[in-house]
Amino acid sequence: MASERYNPREAEPKWQAAWDAAEVFRTRNEDPRPRYYVLEMFPYPSGRIHMGHVRNYTMGDVVARYKRARGFNVLHPMGWDAFGLPAENAAMQNKVHPAKWTYENIATMRAQLKSMGLSLDWAREIATCSPEYYRHQQKMFIDFFKAGLVYRRKSKVNWDPVDMTVLANEQVVDGRGWRSGALVEQRELEQWNFRITAYSEELLAALDGLDRWPDKVRLMQRNWIGKSEGARVRFEFAAPAPNGDRTLEIFTTRPDTLFGASFMAIAPDHPVARACGAADPDLAAFQEKCRQMGTSVAVLETAEKEGYDTGLRVKHPFLPGVELKVFVANFILMDYGTGAIFGCPAHDQRDLDFARKYGLSVTPVVLPPGADPAVFTVGDIAYDGEGTLYNSGFLDGLSIEAAKDAVAGRLETTEVDGAPQGTRQVNFRLRDWLISRQRYWGCPIPMVHCEACGVVPVPAAELPVKLPDDATFDRPGNPLDHHPTWKHVACPSCGRSARRETDTMDTFVDSSWYFARFTDPWNETAPTTRSAVDAWLPVDQYIGGIEHAILHLLYSRFFTRAMKATGHAGLDEPFAGLFTQGMVVHETYKGPEGWVSPAEIEITEIDGKRTARMKDGGATVEIGGIEKMSKSKKNTVDPTEIIGGWGADTARWFMLSDSPPERDVIWTEAGAEGAHRFVQRIWRMVGDALPFVSGPAPARPAEFSAAATALRKAAHKVLAAVEDDIEKLAFNRAVARIYELANTLQKAVLDARAAEGAAADAGLAAALHEAFDILVRIIAPMMPHLAEECWQVMERDGLLATSDWPVADRALIVDDTIVLPIQINGKKRAELTIGRDASEAEVTAATLAHEAVVKALDGKAPRKVIVVPQRIVNVVA
RNA sequence: GCGGACGUGGCGAAACCGGUAGACGCACGAGACUUAAAAUCUUGCGCCCACAAGGCGUGCGGGUUCGAGUCCCGCCGUCCGCACCA
């Protein structure tokens with residue numbers, strides 16, 4: 001047995017089949033044990049899994065298997081984020097139907113995931129593109145609509161005139177469509193939106209309660225929601241604007257600086273600007289120029305502030321007789337605040353840049369602490385720090401906060417044009433979620449447009465609104481719109497001929513509730529079963545990439561609230577614990593003809609210098625930087641090849657070793673070899689130890705020998721540490737502790753074998769038996785196949801996958817004697833071995849009697865002796 | 001520009017509350033086994049000086065403390081997020 005190498009190609013499928021046959025990972029909702037829901041972000045079925053999936057799903061699987069061993073009823077499901085653009089692109093390029101392409105990819109990837117030995121409940125598998133899933137999404141859409149959480153509105157979108165479709169912002173590159181290369185136009189289209197802003201305040205406030213989320217993610221969401229408190233102020237026009245407006249309403253977070261106002265600025269698309277532009281060709285040209293500039297990031301960064309004087313004037317609310325010019329300016333955004341501002345150049349850098357360019361006055365109104373009001377001026381840098389108000393009439397002498405209050409108070413009680421001149425206002429950066437997509441491969445929006453009845457939801461009994469199978473993809477635009485018959489229906493309300501909505505939903509909708517569907521994916525009549533969804537949610541541990549820190553997680557938080565509002569769930573927050581794992585990165589290689597893959601090259605190392613050559617031809621290859629695995633740089637490693645070659649356990653072990661899980665991990669051949677060596681080493685050790693560890697546990701002696709006790713202590717200490725590490729998802733630390741135990745056990749086995757025939761130490765045999773039991777059980781979550789195989793050759797009962805986690809004996813974890821470092825003047829000079837419970841006086845006495853201390857003190861009395869119990873002694877000479 | 005995170009051996013890292021810096025792994029060196037190689041085992045491995053003793057070391061400079069990788073202040077560098085949000 002000991003001489004045979006462990007063969008993962010044989011063992012892994014065998015144990016996967018055994019687990020399957022025993023339905024070990026099937027989760028029953030009615031199981032009375034405490035529940036634990038661990039979920040990894042489900043994959044998009046792009047075709048093949050990549051190493052990032054391997055890392056993500058390994059981490060989740062360790063948690064699932066560990067929690068199962070700890071006695072929890074674990075829910076660990078898997079599914080497919082199966083709608084989306086790539087399927088449609090494949091349809092256009094390869095003449096294959098998106099459904100066929102998607103389901104084939106799913107089949108491939110399911111097999112790949114299964115080869116990893118993940119403890120998933122495949123009976124709950126869902127694909128978001130199946131009508132059995134999206135029918136429920138349509139039901140919820142209608143419920144949200146009825147609850148006022150869905151509405152339709154004209155929105156500005158990026159329109160690709162060649163592909164005849166709407167593009168997401170990230171699909172617009174330098175103002176052009178990423179695929180067609182056509183100049184993207186801003187178009188106004190009637191679009192469906194989710195009213196996520198109804199929850200702005202709540203989504204922000206609830207972040208504080210998500211204490212098992214990374215601070216980084218919470219901060220990103222906080223910034224994204226972007227709450228700012230300020231005031232809306234209405235400035236009266238000296239003469240009405242061309243569109244008839246008598247006042248210009250602005251939003252400001254600095255009402256305290258109102259006395260420093262020197263101009264007004266409005267967005268190019270502001271209604272007043274449009275009205276002015278209609279009568280002024282020069283202004284219209286300027287507005288058009290601003291619109292063109294809109295999208296390109298590079299232009300935005302360098303764009304100079306520019307404006308156009310409309311000729312309009314407004315009255316300053318507090319300074320009778322003072323009038324301010326109204327500019328149309330390129331740096332004012334229509335969709336933030338009111339699309340208009342007052343400019344206070346002294347205390348806002350943008351306003352200052354603008355004022356300098358157009359020769360507008362700059363009046364400081366906040367005096368920095370300690371500055372002389374007679375001398376203080378603003379040059380090229382606006383002052384936005386703390387200070388005291390001056391040059392500001394009734395505000396003089398107030399702090400900024402007090403002045404904000406005073407201004408708001410005054411404006412609330414002043415009337416202009418029949419309404420208060422100003423109101424306190426909380427503003428959010430967060431905008432409503434535009435979900436309309438002019439695509440085929442998405443969830444159809446279950447609405448009908450009727451000339452007589454308007455927008456009518458499809459009746460629940462008629463759901464799902466299914467995608468037509470016979471769509472064509474050979475011309476640009478929305479295949480649903482092109483379809484000859486699909487969109488023509490009778491109005492559900494009046495029965496007259498009407499038109500189906502041809503927009504489909506953003507795929508982020510699909511992934512905003514899949515975690516809830518997993519709790520009862522068999523329910524055919526409703527999206528969720530309340531008893532199941534309320535019992536399982538929130539997800540105890542959610543694991544995925546940082547790239548979803550904002551959108552997916554924010555949308556899911558919104559969706560859960562909307563589901564609560566419509567009776568589909570009973571809670572607000574879907575994910576109690578969140579962990580964001582790092583990427584898998586790899587060295588890059590550049591050959592004479594561009595990037596080459598790791599598989600194509602050979603690396604040799606001479607005197608510490610690594611050189612790479614092509615395997616084929618031997619051409620020199622330049623070793624480049626370590627970067628995220630990507631097809632374009634060809635620095636990918638295929639999980640199938642790794643699993644086929646080394647086995648799933650090697651891949652899993654590597655993914656958990658070395659790098660902390662939140663950080664990037666560098667995939668290296670040497671590291672994979674190292675991981676595989678450890679797999680073999682465990683197997684060899686178990687084989688060598690079989691005489692001591694197989695079969696039932698030997699009787700325990702009344703007293704363990706010193707060697708046996710040391711072994712037991714080592715095993716139990718590591719066990720306790722590994723528990724702690726897995727609970728904290730510190731897998732790399734758990735791995736290090738397991739290596740430590742393996743090193744200890746290896747020596748112990750060697751010693752035990754050498755001593756064979758000599759006086760038998762019954763205690764040592766029992767200790768070895770126990771220690772190997774612990775070793776195999778603690779590697780099981782990480783390397784489940786190897787552990788199962790060891791379990792079998794050790795002749796233990798049943799499947800390890802269904803066994804309990806071992807119990808750490810606390811008495812063995814604390815030592816009777818401890819080694820205390822002795823510092824002299826803060827530097828370590830000696831060590832003191834002393835009883836754990838030694839009093840401070842005893843420690844002091846023993847320290848002062850220590851040779852090194854006596855020598856250092858040279859007969860003098862120490863100035864001070866600091867004893868930190870159980871930790872350290874410091875003698876100050 | 002604003003906000004955040006992080007800088008520890010040749011490399012990935014550990015050090016949980018301010019208490020032995022470098023656990024564990026990779027790479028590398030030496031040795032054993034072998035006809036040989038692979039595998040395996042033993043052993044060494046921060047730097048300086050080395051016989052020992054010692055000195056210096058956690059990006060740089062200061063500070064607090066009996067004691068600082070850890071706390072505070074100021075720099076430098078790397079990475080990430082947001083980006084004209086009024």
Side-chain angles (χ1 to χ4, degrees), chain A residues 3 5 214-217 219-224 226-228 230 250-255 257 265 267 297 300-301 303-305 329-333 335-344 347-351 353-354 384 427-431 546-547 549-550 605 607-608 610 626 653-654 657-660 662-666 668-675 677-678 680-681 684 721 724-725 728 730 732-743 746 750 819-831 862-877:
Chain A
S3 60
R5 279 174 70 81
D215 288 340
K216 181 189 168 76
V217 174
L219 185 69
M220 282 165 75
Q221 294 217 349
R222 218 166 264 136
N223 291 342
W224 188 262
K227 178 177 179 175
S228 59
I250 60 97
F251 174 72
T252 178
T253 55
R254 294 295 303 271
T257 63
V297 177
L300 265 182
E301 257 173 43
E304 205 179 321
K305 308 248 170 314
N330 63 350
F331 65 101
I332 306 301
L333 307 174
D335 41 13
Y336 186 79
T338 62
I341 61 145
F342 79 82
C344 176
H347 304 293
D348 184 291
Q349 192 60 47
R350 294 158 303 181
D351 297 349
D353 294 345
F354 189 80
D384 60 2
N427 215 31
F428 292 92
R429 208 189 75 113
L430 182 68
R431 306 195 201 137
I546 187 75
E547 66 273 21
I550 296 173
E605 184 169 328
D607 291 332
R610 296 166 72 243
I626 294 165
W653 185 253
F654 183 96
S657 310
D658 288 348
S659 290
E662 68 279 7
R663 231 178 277 180
D664 290 352
V665 64
I666 307 171
T668 61
E669 188 78 357
E673 275 167 29
R677 266 203 301 277
F678 188 65
Q680 294 296 348
R681 193 172 142 213
R684 210 162 43 240
D724 196 46
D725 292 338
K728 290 176 178 156
N732 58 318
R733 294 199 307 191
V735 164
R737 302 312 300 261
I738 290 171
Y739 270 112
E740 247 169 60
L741 179 58
N743 292 345
Q746 192 157 354
L750 269 162
V819 177
L820 227 45
I822 297 177
Q823 289 184 336
I824 296 167
N825 293 330
K827 296 200 181 214
K828 190 202 161 192
R829 296 295 158 176
E831 281 180 345
R863 290 208 296 166
K864 206 173 179 184
V865 178
I866 294 147
V867 178
V868 183
Q870 324 268 322
R871 286 243 138 154
I872 205 165
V873 192
N874 191 8
V875 179
V876 187

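Residue numbers begin at 1 in each chain, while the letters A, B, ... track the order of the sequences.
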D348(A) vs R254(A) side-chain heavy atoms within contact, under 4.5 Å
no

Write down the atom of I738(A), the atom of W653(A), and the distance for their closest heavy-atom approach.
CG2-CH2, 3.8 Å

Less than 4.0 angstrom between a side-chain N/O of N330(A) and OP1 or OP2 of rC84(B), yes or no?
no

Closest to side chain of Y739(A), choosing from rC24(B), rA86(B), rC84(B):
rC24(B)

Would you call F678(A) and S657(A) a side-chain contact if the rule is heavy atoms closer than 4.5 Å?
no

When you measure from the side chain of N330(A) to the backbone of E304(A), do you find a donor-acceptor pair of N or O atoms at a distance under 3.5 Å?
yes

Please determine if a side-chain N or O atom of K827(A) lies less than 4.0 Å away from the OP1 or OP2 oxygen of rG57(B).
no

Between rU65(B) and N874(A), is there an OP1 or OP2 to side-chain N/O distance shorter than 4.0 Å?
no

Partner of N825(A) under side chain to side chain contact (heavy atoms under 4.5 Å, CB included), picked from V876(A), N874(A), V875(A), is V876(A)

Pick out the pairs of N or O atoms, protein on one side and nucleotides 5-12 of chain B on the other, that lie under 3.5 Å.
from	atom 1	to	atom 2	distance (Å)
rG12(B)	O2'	S659(A)	OG	3.0
rG12(B)	N2	D658(A)	OD1	2.8

Here the gap from D351(A) atom CG to F342(A) atom CZ, rounded to the nearest 0.5 Å, amounts to 8.0 Å

With side chains defined as the heavy atoms from C-beta onward, is the minimum distance between V665(A) and D658(A) less than 4.5 Å?
no

Distance test, side-chain N/O of R429(A) to OP1/OP2 of rA83(B), below 4.0 Å
yes

How close or far is atom P of rC82(B) from atom CD1 of I546(A), stated in whole angstroms?
11 Å

Expressed in angstrom and rounded to an integer, what is the separation of F654(A) atom CZ from rC26(B) atom P?
11 Å

Where each residue is assigned the nucleotide of RNA chain B containing its nearest heavy atom, which of I866(A) and T668(A) is assigned the position nearer the 5′ end?
T668(A)

Applying a 3.5 angstrom cut-off to the pairing atoms, does RNA chain B sit in any stems of at least three consecutive Watson-Crick or G-U pairs? List them by first number.
B:1-7 with B:76-82, B:10-12 with B:24-26, B:28-32 with B:40-44, B:46-48 with B:54-56, B:59-63 with B:71-75

Rounding to a whole Å, what distance do you find between I332(A):CD1 and rC84(B):P?
11 Å

Which one, rA86(B), rC66(B), rA23(B), comes nearest to the side chain of E740(A)?
rA23(B)

When syn is taken as a glycosidic angle within 90 degrees of 0, is rC66(B) syn or anti?
anti

Per nearest nucleotide of RNA chain B, the residue lying toward the 5' end, F331(A) or E831(A), is E831(A)

Would you give a per-nucleotide map of nucleotides 37-42 of chain B, 5' to 3', where B means the base has a protein non-hydrogen atom under 4.0 Å away, S means only the sugar-phosphate does, and - means neither?
---SS-

Rounded to whole Å, please give me the gap between CD in Q823(A) and P in rC66(B).
13 Å

Quick one: is rA86(B) close enough that its OP1 or OP2 comes under 4.0 Å of any side-chain N or O from Y336(A)?
yes

With a 3.5 Å cut-off and no angle check, do the side chains of R681(A) and N743(A) form a donor-acceptor pair?
yes

Closest heavy-atom pair and its distance - A267(A), I332(A)
CB-O, 3.3 Å

K828(A) atom NZ is separated from rG19(B) atom C1', nearest whole Å, by 12 Å

Mind calculating the distance between CG (D348(A)) and P (rG1(B)) to the nearest angstrom?
16 Å

F331(A) vs D353(A) side-chain heavy atoms within contact, under 4.5 Å:
no

Does any donor-acceptor pair link the side chain of Q349(A) with the base of rG1(B) at a separation under 3.5 Å?
no

Heavy atoms from C-beta onward define the side chain here; which of rG19(B), rA27(B), rG3(B) lies closest to that of A670(A)?
rA27(B)

Using OP1 and OP2 only, check whether a side-chain N or O of S228(A) sits under 4.0 Å from rA86(B).
yes

What is the nucleic acid contact for N427(A), judged by heavy atoms within less than 4.0 Å: base, sugar-phosphate only, or nothing?
nothing

Between A329(A) and F354(A), the two heavy atoms sitting closest are CB-CE1, 4.1 Å

Any heavy-atom pair between the side chains of I626(A) and D664(A) that's under 4.5 Å?
no

Just the rounded figure in Å: distance from C1' of rC26(B) to CH2 of W653(A).
14 Å

